[in-house]
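These notes concern the structure reproduced below.
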Amino acid sequence: MKLDLDPEYEAFRAAIAETLAKNARLAPTSEDKGYKNAKRIAWQKLLIRHGLAARTIPKAYGGYGAEPDILKARIIAEEFARSRLPGPMAGQGISMFVPTLLELGTEEQKQAYIRPTIEGEMIWCQGYSEPGAGSDLAALRTSAVEDGDDYVINGSKIWTSTAKQADMIFCLVRTDPAAKKHEGITYITFPMTTPGIEVRPLVDMTGTANFNEVFFTDVRVPKSGVIFAPNKGWQVANATLTHERGMLGDPNATKARFLELVTLMKSESVNGERLIDNALLRDRLMKLQSEVYAMQANGLRITTTRLKGEQAGLAGLIVKLNGCDLNHEIARLAIDALGELGILYEEGEHLRADGSWQWRYMYDLGLIIGGGTAQIQKNIIAERGLDMPREPKLAKA
Amino acid sequence: MEFALSEDQRLLQDSLKGVLAGAASLDQIRKIAVGDAAAIGALETALDDFGLAALMVPEDDGGLGLGALDAVIVQEQLGYHIAPSRFLATAVAAKVFRTTGSEYLAALASGEMRIGLALTELFSRRDGAGLEAVKDKLAGKALLALSADGATHLLAADTKGRVHLVAAPATRTAMQTIDRTRTFHEVAFAGEKGALSISPLPEQIAFARLLVAADTLGAAQAMIDKAVAYAAERQQFGRVIGSFQAVKHMCAEMAAKLEPGRALIWHAGHALDTGDTEGPVMANLAKSYMAEAGTFIARTATEVHGGMGFTDLVGLHYWFKRIGVNRQLFGSPEQARETAARLQGFAA
Ligand SMILES: Cc1cc2nc3c(=O)[nH]c(=O)nc-3n(C[C@H](O)[C@H](O)[C@H](O)COP(=O)(O)OP(=O)(O)OC[C@H]3O[C@@H](n4cnc5c(N)ncnc54)[C@H](O)[C@@H]3O)c2cc1C
């Protein structure tokens, strides 16, 4: 065990901190909302120029082109958390699709999609789940039938986040209905403007439409949109899912929220007492901090195994389960600490932080479900992490 | 000994259920949540006709002469159907008036006096809220007053911990919470004169908290029912999800948390009726118990529904939010526990 970083890395940390401080005034604020917001895109491009976003993406595709260095990546994430400046853009295009493409895409596909995606100019959505295929994703039925150089797609997707805003979709379709469940699936990309696509927003418990139903009626898309190979979509999808689960449990994002909670508890008072001075609330805060620290340490452990080129094992498998739960619990304490005012949700004199703690409490519950439910995560931990026997499979392909 | 609801109480429960199934169906609740006056009026009329206002008023004053346990059963049904109702405020007022004398009871029973509760500041004061009483005249603002909409009178707490019966001031501002089934208001007082001023008794506060616990009990029961029904229908991997142990265990854990809560609430209601000195302790513990159980059940029932639970499609979130608001009403679970400790002399 040796925890201090080599001088090279300490110098790197100092340089990052300086860059962030120098450019802080250019950072978008909570006023700069929405996709394709000019200020957010400018910030993202600035971050890429300084190697703080899209760091390891080759220059040829619009990235910064650094060698992968997990320690540096971690230092950057920590510095963002510390500075409380908005970090690099994330989302399904940047965090899930781009890594998949880098792994499995053709040169042409990489040239076409990576630069606009990482710069925030091209928004993607993930068309996996269907009404009958959630946890059992491989049961998906949306069909794609070959016709010359094209596929013709029919069917529907559900829970598709950002489909309304997306320019492009990466989508799982069934191309070989005769094959076994996992073997007839293809991973394909196409523009959301293709004729025959209808997007119907689905309002969720937060009161906004964060996701959608997407209907395909004779949607004709070129075969060139296939990633990797036809009928190999399950492997491609799994590559993407790994990236999704990493994104959903990111301990640095959790830490940033925890720090916001600390700020809240220091600045708010009830009955003339600062919340942080209330022993019961402070105890709960410290309990959460122990979990935040533990997940951060767990992250360091994962970093080391990756540096050595090893699998992270259990340490990796638990990240989505624990991280999403912790985010939900942090929001819960914020609401409890605000007490009666914590239940407010709309514009008004007494509303705190735009109602964002309530929003997070609900949305984070959504993320406990999305990207593989907590129960499915536990199955994976038991079966892959602890080598326990698999559930008997009753389903027939 | 018989620890069970009486025949009359079960009848009360069933007949109220019948009324609510229509006037507070999910379709109606969706309308109420966006302020549809017709839907709000229809439910109000249905509950008035049922006689909720008179429930706890003694028979001599024109009421039904029922007690805390009966009120708890009613509130549970209201929670089950996430129905907005003035009942909670009315029941608390009836309990107060039964101690102070019968002057207002007849008006309460007839619906002439419609009560709202401005009690938040008894438990927590923020943003400069809190009423000052000078010679029975009230000034200041109260936050998150319950059922202030359409109220003729409020029971309003001042900063010294006294509660005043006062004509409802004209000025109020809606405070929109996550729970759109009920309305909450900020109420500004400008010298309104209190008609009655009391130091609330432990059993009166405890009763208000018990009713909130009962509301959560009902709402949580509804969420469990929905989760169990969904688990029996939804298929994944070629079988109903209810056949996965993970899903069964989630449902079983919810039931295991809820059932003792129901018994505790009944017991507390009964104890308040008989004047058992343990009544207020139990009622405070019930508030705490259901706040915690409710939080767990609201989350778990949502998880059983998968993505569907997170959407508006099945409307599950209305129950989730009702439970979330109840957790904070009339004091946090920690405060309810602290009250219970004090009542037993465990704390000064
Ligand atoms: C906020 C949010 C965003 C999302 N975004 C997207 C998106 O952009 N694109 C996309 O394609 N999808 C998206 N999803 C869908 C998400 O991936 C699914 O909701 C999730 O995989 C669960 O599927 P389901 O909703 O059909 O639930 P179901 O699979 O029906 O699950 C219902 C319940 O059964 C349990 N269960 C199911 N199978 C088993 C089993 N074998 N063992 C034990 N328990 C089991 C589940 O854990 C759950 O409790 C999103 C979901 C949410 C909530």
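Numbers restart at 1 for each chain; the letters A, B, ... are given by sequence-line order, proteins then strands. As the structure is a prediction and not an experimental result, all values here were calculated from the model.
- Surrounding CZ of Arg284(A) are more than 12 heavy atoms belonging to other residues, nucleotides or ligands, all under 6.0 Å away.
- Leu143(B) touches chain A through its side chain: at least one heavy atom from C-beta onward sits under 4.5 Å away, while N, CA, C and O do not.
- In this structure, the portion of Leu202(A) lying under 4.5 Å from any heavy atom of chain B is its side chain and not its backbone.
- Looking only at heavy-atom pairs under 4.5 Å with chain B, the residue among Gly339(A), Gly348(A), Gly355(A) that has the most is Gly339(A).
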**OP:** Please assess Thr177(B) against Gln358(A) for the test side chain to side chain contact (heavy atoms under 4.5 Å, CB included), listing each intermediate value before the final yes or no.
**Re:** CA-CA 10 Å; Thr177(B) 74; Gln358(A) 277 290 352; over 6 Å; no

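- Interface residue Ile343(A): backbone and side-chain heavy atoms are both found under 4.5 Å from chain B.
- At a threshold of 4.5 Å between non-hydrogen side-chain atoms, the residues Asp336(A) and Gln328(B) count as touching.
- With rounding to the nearest 0.5 Å, the separation of CD in Glu334(B) from CG in Asp283(A) is 10.0 Å.
- The parts of Ile178(B) that come within reach of chain A are both its backbone and its side chain, each placing non-hydrogen atoms under 4.5 angstrom from that chain.
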Original post:
Given the rule in the salt bridge (Lys or Arg N to Asp or Glu O under 4.0 Å) test, do Asp127(B) and Arg352(A) qualify, once you have shown the distances and angles that lead to the verdict?
Top reply: CA-CA 11 Å; Asp127(B) 288 6; Arg352(A) 300 302 203 270; 2.6 Å; yes

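- Within residues 298-305 of chain B, the residues approaching chain A closer than 4.5 Å by heavy atoms are, in numerical order, Arg299(B), Thr302(B), Glu303(B).
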**OP:** Apply side chain to side chain contact (heavy atoms under 4.5 Å, CB included) to the pair Thr311(B) and Phe211(A), showing each step before the final yes or no.
**Re:** CA-CA 9 Å; Thr311(B) 57; Phe211(A) 52 32; 3.4 Å; yes

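- Of the atoms belonging to Phe123(B), heavy atoms from both backbone and side chain fall under 4.5 Å from chain A.
- Of all the heavy atoms in Thr206(A) and Phe310(B), the pair that sits closest is CG2-CZ, 4.3 Å.
- Taking all atoms of both residues into account, the shortest heavy-atom contact from Ser124(B) to Val270(A) is CB-CG2, 3.3 Å.
- In this structure, no portion of Leu351(A) lies under 4.5 Å from any heavy atom of chain B.
- For the pair Glu346(A)/Arg180(B), a side-chain contact is recorded, criterion being any heavy-atom separation below 4.5 Å from C-beta on.
- A side-chain donor-acceptor contact under 3.5 Å links Arg126(B) to the backbone of Leu338(A).
- When Lys321(B), Gln176(B), Glu121(B) are compared by the number of non-hydrogen pairs under 4.5 Å with chain A, Gln176(B) comes out ahead.
- One finds the CG atom of Leu313(B) at 6.5 Å from the CD atom of Glu213(A) (value rounded to the nearest 0.5 Å).
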**OP:** Output, in order, the C-alpha distance, side-chain angles, deciding distance and verdict of side chain to side chain contact (heavy atoms under 4.5 Å, CB included) for Met362(A) and His317(B).
**Re:** CA-CA 9 Å; Met362(A) 294 186 268; His317(B) 64 95; 5.9 Å; no

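- Between the side chain of Glu340(A) and the backbone N or O of Val325(B), no donor-acceptor pair lies under 3.5 Å.
- Of all non-hydrogen atoms in Ser135(A) and Gln236(B), the two that sit nearest each other are N-OE1, 3.1 Å.
- Of all the heavy atoms in Pro131(A) and Arg234(B), the pair that sits closest is O-NH1, 2.6 Å.
- Applying the 6.0 Å contact sphere to CZ of Arg274(A) captures more than 12 heavy atoms from other residues, nucleotides or ligands.
- Comparing Gln335(B), Gln245(B), Met250(B), Gln235(B) by heavy-atom pairs within less than 4.5 Å of chain A, the highest count is held by Met250(B).
- Residue Met308(B) touches chain A through both its backbone and its side chain, counting heavy-atom pairs closer than 4.5 Å.
- In terms of non-hydrogen atom pairs under 4.5 Å with chain B, the most contact-rich of Leu281(A), Asn379(A), Thr373(A), Leu341(A) is Leu341(A).
- Residue Phe320(B) comes nearest to Met205(A) through the heavy atom pair CD2-CE, 3.4 Å, listed as atom of the first residue, atom of the second, then distance.
- For chain A, the nearby part of Glu186(B) is the side chain; its heavy atoms alone come within less than 4.5 Å.
- In this structure, Thr295(B) and Tyr361(A) approach most closely via the heavy-atom pair CG2-OH, 3.7 Å.
- Contacts of Ala138(A) with chain B are absent, with no heavy-atom separation under 4.5 Å from either backbone or side chain.
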